[in-house]
Structure formats: structure tokens, C-alpha cells
Amino acid sequence: MQQIQVPENNAAMALICLLIPLLPFIGFVINGLGNGKLPKSVVTLVGCGSVLVSFLLSIYLFISFPAGSVGYTTEIFNWIKVGSLSIPFAFQIDQLSLIMLLLVTGVGFIIHVYSAGYMSHDPGFGKFFAFLNLFIFSMLLLVMGANYAMMFIGWEGVGLCSYLLIGFWNKVTPYNNAAKKAFIMNRIGDLGFLLAIFLIFMTYGSVTYSEVFTQAPTLPVSSEMITAITLLLFVGAMGKSAQLPLYTWLPDAMAGPTPVSALIHAATMVTAGIYMVLRSNVLYTMAPITLEFVAIIGLATAVFAASIGLFQNDIKKVLAYSTVSQLGYMFLALGVMAYSTSFFHVLTHAFFKALLFLGAGSVIHAMSGEQDMRNMGGLRKALPVTFITMLIGTLAISGIPPFAGFFSKDEILAHVFEHNKIMWAFGLLASFMTSFYMFRLMFLTFFGGFRGTEEQRHHLHESPKSMTLPLIILAILSTIGGFMGLPPVFSENHSLGNFLAPLFTASQQLNPEAFGHHMDHATEYMLMGISVVVALIAAIIAYVIYVSKKSVPAAEGTETGLHKLIYNKYYIDELYDSIIVKPVMGLSTGLYRFVEKGIIDPVVHGFGRITMGGGRGLRVLQSGAIGSYLLTMVAGIILILVLNYIMR
Amino acid sequence: MTSIILLSVFGIINLFLGFLKSNKILLPAVIIFLAIVFGVNFLDWNNPQSHFNNMLTIDNFAVAFSAVMVLSLALILPFSRSYINSGNPHLAEFYSILMFSLVGAIMMVSYENIIMLFLGIEILSIAMYVMAGSHKKELRSNEAALKYLLMGSFATGILLFGFALIYGASGSFNIAEIASFSSNTTATDLLPMMEIGVLLVLVGICFKIGAAPFHFWTPDVYEGTPTLFTTYMSTVVKTAGIAAFYKLVWAVFPGLNEFWYPTLVAITVLTLVIGNIGAAIQTSFKRMMAYSSIAHAGYLLIALTSFNDYSENAVLFYALSYTVATVAAFGVLKLVSDQREGETYEMFNGLGRTNPLLAFAMTVAMCSLASIPLTGGFFAKFFIFGSAIEAGAVWLVVVAILMSAVSIYYYFRVVMAMYMKEPVGEKVAVDGFAAFMLIFLSIFTFIMGIFPGWFNNWL
């Protein structure tokens, strides 16, 4: 992958590239320092304005990007240079980072505006915007960095912001526990990422993308080193993008304010893992074993999380498991080398999942904080805008044409069908369950009679403009977003795929097989038909159960059998608790009692005593008398002469 | 070159300014003078020239280190406000002496002839003897001056003897000729004379930079000297000494490096151990800082023992980051000790509550000295250790890392005192200029820690 410098306007381009992440950072500094002092209007202006300007600058970069080019890097300064290690602070602008830029700043801006309405009654208003801006800054570093070290900084930065925002209401202990859980789970993944960076540096002597990827094909395909690097990178992705077995933090992360769930835990941060694999696609193409592993993990996550979503009663929990499941879809696509398809789904998913979360937020806002769908019902009259927009989101995620999700999901399933028919069947199963739980959510929330308290009924209201407007924009995007990647049967021109193609040229040279299209149109129509029918059947079943029969999920603790198992999320949390957390706690208690108290403490204190004793010895020499100082100095000189001449 | 002349002229002008009734103009005048010198100094960047019949060479090495030292003085002086307020009649002399001493310091980094090195050292040292005793009515100050003078003269004698032996063996004071002599030693039977000369010079310079076992003067002199001048000693004097030493061992004695290397390594290890362990048992903050300066001389010596592409830059970076942190630490010490009696750790108790700014600046300085990441001190040690590992001296780095672990103990004692103890006194009054400088120094420390690339790879 050859990198070129932009020939003209280099300084201006570098400035624009620098400003894009810098503006949200300045917003963070202003709102952070002015927390509690600045009026809300200023906070909103700084918070939203900085992201808006970044968005506009990103659009400018996108428009002025030379078509068909392989991208360019702008070096801001030489960050670290020690020995053979050189890490420039440089931005890489190419198709992948440009679209991610638009996504992060665009959706980020919409959600900032939404937050201004959603958080308007919260005392931590300034703090919230400061964290949100810091998140945008870190996410931009992650996607713009031109080397793995910068990606890692952004990676850690978004992890930190995620932690801060999940535990935003830090007076509530379970929320804090959720934040800690997210942080620890992510750390496990980060360790894998870090090890991968070390291995990359060891193998290629650089962590800069362009240098690594041009050298990558020097290793043989499927060599142990490349497999190890890609697997370790994937461990990082598993943590950040909530894949089996590191997914349990994401549903708990719903403790954060709803805009956070929409921005961080649905649209942007959790897709960082997919971004990373896409960025390293050359390495992955060279490691078919890892790819197969990625596909299996992705598929398993998609099915597993979707099944948990079937019977959740918390509106945000349903969406959380849905996110985990959709992320699994994206990894499944990566695993079958449908790179641009996976990225297509990242984009459409960002639109409709952000929409669904913001819609859920609007519902929760109207219900005065109620999240249990069993206490909702019949809200479509009170919240017409929220209802319609969420319905669009539901149609999109379920894969009903012509909404966005249909195209991306169908493309994934088509690629999987080519790869392996059994995997395709499981993918279809996940699609069925997705459609079911999403329509269940819609029916329980918006249809039937109201099941909440009188007080809640009284308080029901449509959300303010600043909240419904983002919903409408996202609903439009969820409707038309799919047209950027029309399937071959409708159009020869897959605009997104063509745009992204230069990113995958190296991969294509390595494995031309995987990039060819072999499917005839009849098969393609058949696959499309099947997935639409499956989604519709699921919707109809949900309608029969929750609207015609008006059944409402049972109260806590009365579930039975399989339902109980699923409702309790297969007891995975409890399983982790008993096979990992408890033994680790036991081990550390034991280590503390015996090793720490019995061995380490005495040794450490011993060293301390030796140091202090040595110091007191020195103090004797430091008598304050010049005569003795001179004597010691002369003794030192004599010693040096003796050692140099007599002893040698 | 111009900077030496300008500093001398400005020093004299400054003496005349002292005749004015008000001494308010002195500080701004000196700062402006130093700013001019700092700027003019860079005219010689990438333009190496030799002056006075090859007595001095102004190359990038000299320009860079001169810049660090001029900057140091400019950073230190804003903390001299208490002299101005108390109407000290000798203020103009103090400033002028410091400027003249800077001339000596610049000579020490740009010498082409070891006589010029000797002159530079003496110009700097004699100025320091005077400044150490500048509080004439204070017994501690008198004691410090006398001790420094006596022991300094002793070391000067040894240094000069060393130079004489080198001249005797090589027949020249010019460093290029000495270097060519020392790298072609098979043809001469004067080698032992040369070697003893080298060793004596080594000892003399080690005394000047406060390396063990010739460090005994340091704690006593630092403690007795008025804080403002202690700051100058532990920054400018140390930087000049190390830079001169670096040039000496690698430009003057390169052919003999197998001979002096073991001695220098032994001195380095001893300096690291004595500096750090000595600092750990102190109860006086100022005395701790004295030992800390010994310890930092030890880290700088590591770079000296590992001559390669990185060590020169590592020394420069280290000198800058150490200077910035040390000035901040002594600045806070001076502000606090001017108003609360004593120089112990207890004096800082509860400063975090009464003076958050002072406590913050001190914390940043301590973190930098203890080389905590995000501060300049982290990368300073990182570069030094990096160059040592490149040179293959892994065990030396291990010793140094163990010793920097010890340093966290004594640096964080003051941080703990500031934030975890009950306040012992009223809020300390801080003038605007000093507060500005402390903020500047803190930001500078962070910038060095976050963007080390801006300050590295100059040479």
C-alpha cells in the first residue's frame, strides 16, 4: 500500500487535519475547566459547535479527496524518536478514515444536539459535555492516526471516556460496578492489542501503517507470526467490540445516560474493533486461520446475543444485546473477507442503532426514567414522532427493504452463503431472532393499553425539538442509507464498495479468489427473498403474541425452563463470577496473606532499612568539617590512582 | 560569540542601572537583556565558527547548551522579588555577577582550548563563591562561601595540575591536537603522564559537577547558600559542567576511552547510589534537593559513558527538563521559606489547601524529577537509558532504574506533606510574576513530556 504526500496545500491540509480532533479537545478543556461555572447555553454552544466545525472540516476533506487515490499522510510533528523506534504524530487520510471521520463527527454532532435536550435537567450538564467532547477527540485520534501507537492512544482514550460516561451518575453503586466491569473487560482486550503492537514492531521494525503493510507480504501466508499478530489484534477487538467471550460489559454499560449508549455503545466506539481489522486487512488476508476464527466468533456472538435479546424486558437491554449481535454480524463479514460489506453494515448500523437508542431515550424521557417495557404500552399516540422514527429503525434493523439494514445485511448473508452454507443458516437464524425481538419491543412499547402508573400517564409528552430533530435526521439516513451499496442485481455500481476498493488492493493481490463475484442473479434473488420472508414471519409471530393475544412478559422470577435460562442471559455473568472472579479473588486473598505479608513485605522493608542504614552511614561521613571532606577526597583520588595502576 | 560580548556589556550596564534610586527597573531590564542574548545566541545556529585563534568554537553544541543556560537564568530571576521588596542595596551587583558568571558558563561549552575551559570554570566558580556568601550577616551563608571557596580551590589545583600534565605530554592546549596525541599513543613514552593528567582532570570536573566521591561540599554549600543562588548552582553550573565534561571526554580524550571508561563508570554508580540514598534520609527539603542534584549528575554521567548518536541529545534534553523542574521546586521553596521559617518537609504541610497553585507546581516538578510519565523528566531518563542500552551498558541502566525507584520516596514526601497534612500556617503570598512563572514552568514540563520530539534531535 503506497502512501503519497499531498502535493499542494500541504500545510493547509495538515492544519485542517489537526483541527478536526483538536476542536473537540478544546471543547473538552473549556467545558471541563468551566464545569459548574459556565451557563448551560455556553456549554451547549461549545460542546456542539466544536463537533459541528469538525464535521464541516471533515466534509471538506472528503470533498477535496482526490478520487481513486490511495490516500495520504500528514505528519504534524515527530513524536517519539529513540533508536530505531520512530513514531511520528501523523494523520492518515484515506477512504476508511474519511468515512469514519464523517460518521464520528456527523453522528456525534446529532447526538450532542440530542443530549442538550436529554440532559437539560441534569446537574452534571457541563461535565457530561466535557466527557462527550473528550470521547470525540479520542475517537478521532483512533481513526485518523497513521500508526498503531496513535490508534492505541485513541483506543485507550475512548475506553476511558466510556468508563467515565457509564459511571456518569456515580452516586449509584451498580452503575459504578458496570463502569468498572466495562473497563476491566476492555483491559483484557487491550492487553492483546498491546502485545500485537509489540509483535508488529518486532517483526516489521515499525508501527506505521504504510511501512507495516508494504512489508507485510514478505512473511509467508499463514506463518505463525502473522497468525499470532492477527489473533492478538482480534483479542483487542473482542474486548472493544463486545464479542464472545468478552461481551458482558456492553449490556451493563447501558447504565450510562442514553445518548452515551447511542454514541459510544452503538454507533462509534464499539465499531473500533471492526475499524482495526479493516485497517489491518492485509495482515488478516495473510492469516486464513484467524479469519476463520473471526467468522466463527462473530457468528456465535450474533446468534447467542440475539437469543438473549428475545426475552429481555428492559428496553435498553434489548437494544444492547441487539448491538452485540449486530457487531457479531460485522465480524462474520470480516471473517469471510467481505471487508467493504462489513464496513457497509458498520455505517447502516450506526444510523439505525443510534436512532433506536435515541428513540428509546425519548421514550424513557417521557416515562420519567422508566425502562421496563412491561410498564409501557400504547405510547404511539403520546409520542408520534418517536414512534414513527423508531418504526423506521426497526424495519431497517430487521432487514425489510428498502430500509438501510436490508442491503448491508443481505450483502453479508450473500457472502456468507458463498463461504459456507451452514454458517449462512445460522446467520439467517440470528436475523429471524433480530426481527422478532425488535418487533416485540415495538409492540410492547407502542401498542396495546398503557400499563404504567397514573403519575406516569399524566406526565407523558413528546420530547422537545432538540431531541426529535436528531431522530428525524437519523430516520432519513436509516431509510436511504442503504442505497450507497445496491446489490449487483439492481445496479452494477456499488458506490461504497467502489469508493473503498483502493484500501483492499493489497489483500486482493494476495487472494484474488475472495474478491470475485460468482453468484448468479437467481441465487441472489432467492437469498434476498428468503431473508425478507424470515424477517416478516418473525414480525408476524411477534404481532400475534404481543398485539393479538395481548400477552405481557411475566413478572420477575416466574419464568420457567428455557425462557428462564435466556431471561437470565444463560447465567454467563454468574458463570464468569464463579469460574474467574471468585478464584481470582481467592487467589489474591491467599497471595496477600502469605506471599505479601510473609515474603514481600519483609523483603521490601528490609531494603528500606538497608537504604536508611546506608544513609545514616553516609551521614557520618558528611561531618561538616572541611578537613575530613578534603581527606576523603584525597583518599578518593588515591584510590582511583591505585585501582588504575597498581591493581591492573 | 556575540552572546558572550553582549552578556558582558549588559552586565556592566546593569551595574550602572544600580545607581538609580529605584531598583524596580533592574529585574525587567535583566530579563530583557537575557531575552536579547537568547535570541542573538541563535544567530550562530548551523554556522560553526572559530574565534580568537582557535580559542573558542561556537558550534551547534555550544549554541544549544548556551540557550539552555541563558534560559535557566531568565527562569530563575523572577523569583528574586523578595530582594527587590526588601530593598537590598546590592541587587544590581547580584544580577551582574550572575550575568558575568554566565559568560564563564558559555566559555565552558564552547572551548577549543583547555585553557579556555579552565578560565570558564574559574569565572563561573569565583562568581559562585561570592553568591554563596551574599547574605553577609547570615552565619550559614558565610560558612557555605568559605567551604565552597576552600574546597573549590583544592579542586581547581587538581584540575590545573591535570591540565599541566596533559600539556607536558602532548605539548599543546588545543583540544584537536590533544585528541590527535591521545589517539596515537603507541609512538610515545609520555603516556603515563597523559593518563595521570586525564585522571586528575576527571577528578577536578567531577568535583565541579558534584559527583561522588567528590560531592561532599554539595549538601553543605547548597544548604547554606541563599535559595536563589542554590537554584543557579544546581541548574546552570551543573549543565555547564556536564556539557564541558561531555566535550572533554569525547572530543579531547577519545583515544584513551578504554583507559578512563572504567573509572567514569565507577564514579557514575557511586554518584547514583550516594545521591539517591543520601536524599532519602534528609529531613530538610533543601538538603534533599542538594542530594537530588548529585543523583541527577549521576544520570547525566550515564549519558557521558555511552557516547553514540543519541547521547548528546539526551544530555541536552535532560539538562533542559531537569532545569525546568528544579527551578520550579526551588522557586516554590523560596516563596514558602521566605514566609514560613525553615526549610524542612513540615514547612510544606497543607500547602495544597492554602496555596493550590504552589502545591500543583511543586507536584509537577517532583513528578518530573522522579520521572513520572507525561512530564519531561520521564522522557529525559528514557532518552538517557535508551542511549546507554544502545551502548550496551544494560547493567548500568538497571542500577539507575533501581535508584530512581528510591527517588520516588523522597520526592513524594513533599507531595504527601502538601496534600495529606494539616496546614501549618497562613496562605503564602505570591506575586504575580512568580505565579506566572510557576504556571509556565508546569506547562513547559508537560509539553516536554507530551511532545518530546520538539526538544529532541536538535544536535
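In what follows, chains carry the letters A, B, and so on, assigned in the order in which the sequence lines appear, proteins first and then strands, with residues in each chain numbered from 1.
- The shortest distance between side-chain heavy atoms of D220(B) and I626(A) does not fall below 4.5 Å.
- With a 4.5 Å cut-off on side-chain heavy atoms, W260(B) and N644(A) do not count as touching.
- Heavy atoms closer than 4.5 Å to chain A are found in both the backbone and the side chain of F214(B).
- Side-chain contact between V634(A) and F154(B): present, with at least one pair of heavy atoms (C-beta onward) separated by less than 4.5 Å.
- Within 6.0 Å of atom CZ in F183(A), more than 12 heavy atoms from other residues, nucleotides or ligands are found, so the atom counts as buried in its surroundings.
- When each of L199(B), L200(B), L202(B) is paired with I637(A), the side-chain contact (heavy atoms from CB on, under 4.5 Å) condition holds for L200(B) and for no other.
- Contact of I274(B) with chain A is made through backbone and side chain together, with heavy-atom distances under 4.5 Å.
- In this structure, M633(A) CE and F216(B) CZ are separated by 9.0 Å, a value rounded to the nearest 0.5 Å.
- Here the straight-line distance linking atom CZ of F89(A) with atom CD1 of I450(B) works out to 10.5 Å at 0.5 Å rounding.
- In terms of heavy-atom proximity, G636(A) sits nearest to P213(B) at CA-CG, 4.4 Å.
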Next on the checklist: side chain to side chain contact (heavy atoms under 4.5 Å, CB included), that's the test. Do I640(A) and I267(B) meet it? Break it down for me.
Outcome noted: CA-CA 10 Å; I640(A) 286 176; I267(B) 288 176; 4.3 Å; yes
